[in-house]
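Okay, so here's the structure we're looking at.
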Amino acid sequence: MPELPEVETVVRGLRLTVLGRRILSVTLRKTDFIDDPSLIELHLPGRRIEAVERYGKFMLLRLSAPQGEENSAIGDNAPAALLVHLGMTGHIASTAVTEPWQKHTHASFALDDGRELRYTDARRFGRLAYLSAELLPAELAPFGADPLEVTADEFATRIRSRHSRIKALLLDQTVLRGVGNIYADESLWRAKIHPAKAGASISKKQAAVLHRALQDVLKKAIVMRGSSIANFVDGEGQPGEYQQHHRAYGREGEKCYRCGTMIRRAIVAGRSSFFCPKCQRGPRGFLAISSTPEKSKRQSAIPNRKKTAKSSGKKTKRAAGNKLRKKRLKKP
DNA sequence: CTTACGGCCTGGGTGC
DNA sequence: TGCACCCAGGCCGTAA
């Protein structure tokens with residue numbers, strides 16, 4: 001599941017392989033994860049990829065002005081961009097044209113070096129969107145600070161002004177852009193803060209420790225080319241190695257590296273959260289609740305519910321979801 | 001206004 | 001071998 005370090009790894013790979021290339025043509029297969037497929041087909045052919053940037057978990061492929069208008073483009077105008085989000089299972093890489101399309105390859109951009117930039121995403125939780133220079137700022141506006149650039153003071157302010165649980169705040173892309181489940185848990189373990197602790201209850205000192213822990217974790221993960229959970233590979237098909245350094249995430253039932261206590265898993269902010277119950281002191285009453293295994297909770301609470309929920313038509317659901325997504329995009 | 005939570009999308013992996 | 005179920009991240013609608 002690509003978070004900031006994984007996306008950064010992919011971005012660095014793309015800079016080496018597709019930067020400066022001109023897009024010759026576009027081929028789309030399934031398009032239900034693309035904002036408006038016709039815009040991509042209309043605007044991308046002929047454009048050059050002038051920059052590859054990361055914005056939180058998004059990638060931005062900045063595009064040259066349309067051919068014939070290149071000289072009229074004035075420097076202070078932000079260029080249009082292809083926005084790419086990898087969701088959970090997305091891959092994007094420069095590929096030889098002779099390489100057969102993978103089962104879940106849904107977009108391919110022919111480049112002027114004879115290769116193709118291909119987007120592959122089994123679950124299509126990702127997103128592609130063509131964004132004009134005019135629409136781009138509004139699209140990026142809701143997102144919070146970059147975790148690697150945010151100062152300790154600003155970080156503390158953002159966290160301590162909120163009553164939500166710290167885990168929810170770290171995952172909230174309008175607070176910080178780019179942190180996901182893995183690096184939230186890893187930084188909280190390092191800072192010895194329980195995921196269910198309220199942001200407002202975190203001291204300035206603790207906030208400073210967490211800020212440092214988060215940046216350390218992210219920087220080290222980038223050096224190791226990310227964490228390869230669920231088959232993440234970079235543009236060259238190479239897995240990351242940071243998963244070997246996880247101290248909390250995915251370690252339920254294993255010993256805490258600091259104190260030897262068994263790492264626990266609990267649902268916090270709707271997500272699996274891994275923590276050391278001894279090093280990371282929880283709010284009063286939290287441990288008693290979380291000590292009930294999640295499985296038995298669900299089984300006793302909602303038996304046989306899946307059947308009825310699944311009986312409705314898939315196509316209509318997908319279409320409805322897409323309409324909502326497009327609606328959201330049009331809002332200023 | 002804030003926050004919490006259930007549900008939904010998809011398909012690989014798991015376990016019966 | 002088949003099949004039901006779980007789970008992941010992001011986001012929506014609803015409720016308090």
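Letters A, B, ... are given to chains in the order of the sequence lines, protein chains preceding strands, and every chain is numbered from 1.
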Name the closest nucleotide to the A:Met88 side chain, picking from B:dA4, B:dT10, C:dG9. C:dG9
Whole-Å gap separating P (C:dG9) and CG (A:Asp185): 10 Å
Would you check if there is a donor-acceptor pair between the side chains of A:Asp153 and A:Thr151 at a distance under 3.5 Å? no
Taking atom types as modelled, find out whether A:Tyr119 and A:Asp121 have a side-chain donor-acceptor pair closer than 3.5 angstrom. yes
In whole angstroms, how far is the P atom of C:dG9 from the OH atom of A:Tyr183? 12 Å
Under 4.0 angstrom, heavy atoms only, what part of the nucleic acid is A:Asp121 near: base, sugar-phosphate, or nothing? nothing
For A:Lys30 and A:Leu169, find the nucleotide of DNA chain B closest to each by heavy atoms; which residue's nucleotide sits nearer the 5' end? A:Leu169
A:Arg258: side chain to side chain donor-acceptor pair (under 3.5 Å) partners, not counting sequence neighbours: none
Measure CD1/A:Ile182 against P/C:dG10 and give the value in whole Å, please. 11 Å
Picking from B:dT3, B:dG11, C:dA8, the nucleotide nearest the side-chain atoms of A:Arg265 would be C:dA8
Rounded to whole angstroms, how far apart are CG on A:Leu4 and P on C:dG9? 15 Å
OP1 or OP2 of C:dG9 under 4.0 Å from side-chain N/O of A:His85: no
According to salt bridge (charged side-chain N to carboxylate O under 4.0 Å, His left out), who are the partners of A:Glu41, at least two apart in sequence or on a separate chain? none
Take the protein atom CZ of A:Phe274 and the nucleotide atom C1' of C:dC7, then report the distance between them rounded to whole Å. 11 Å
Can you sort out the partners of A:Arg118 under salt bridge (charged side-chain N to carboxylate O under 4.0 Å, His left out), two or more places apart, ordered by chain and number? A:Glu116
Can you tell me if A:Arg162 touches the phosphate of B:dT3, counting only side-chain N or O atoms and a distance under 4.0 Å to OP1 or OP2? yes
Which residues satisfy the side chain to side chain donor-acceptor pair (under 3.5 Å) test with A:Thr157, sequence neighbours excluded? none
Nearest to side-chain heavy atoms of A:Arg123, which nucleotide of C:dG9, B:dT10, B:dA4: B:dT10
Is there aromatic stacking of A:Phe125 against C:dG9, centre distance under 5.5 Å, plane angle under 30°? yes
Rounded to the Å, how far apart are A:Phe33 CZ and C:dG9 C1'? 16 Å
Picking from B:dG11, B:dA4, C:dG9, the nucleotide nearest the side-chain atoms of A:Arg165 would be B:dA4
B:dT10, OP1 or OP2 - any side-chain N/O from A:Thr89 closer than 4.0 Å? no
Give a yes/no answer on whether the side chain of A:Arg127 brings an N or O atom under 4.0 Å of OP1 or OP2 in C:dG10. no
Distances under 3.5 Å only, N/O to N/O: pair up the protein atoms with those of nucleotides 14-16 of chain C.
none

Side-chain N or O of A:Lys103 closer than 4.0 Å to phosphate OP1/OP2 of B:dG11: no
Report the distance from atom CD1 of A:Ile267 to atom P of C:dG9, rounded to the nearest whole Å. 10 Å
With sugar-phosphate meaning primed atoms plus P, OP1 and OP2, does A:Arg271 contact a base, only sugar-phosphate, or nothing at under 4.0 Å between heavy atoms? base
Between A:Phe58 (CZ) and C:dG9 (C1'), how many Å, whole number? 11 Å
Can you name the salt bridge (charged side-chain N to carboxylate O under 4.0 Å, His left out) partners of A:Arg115, sequence neighbours left out? none
Picking from B:dT10, C:dA8, B:dC5, which would you name as closest to the side chain of A:Ser272? C:dA8
Please tell me whether A:Thr105 and A:Thr120 have a donor and an acceptor in their side chains that are separated by less than 3.5 angstrom. yes
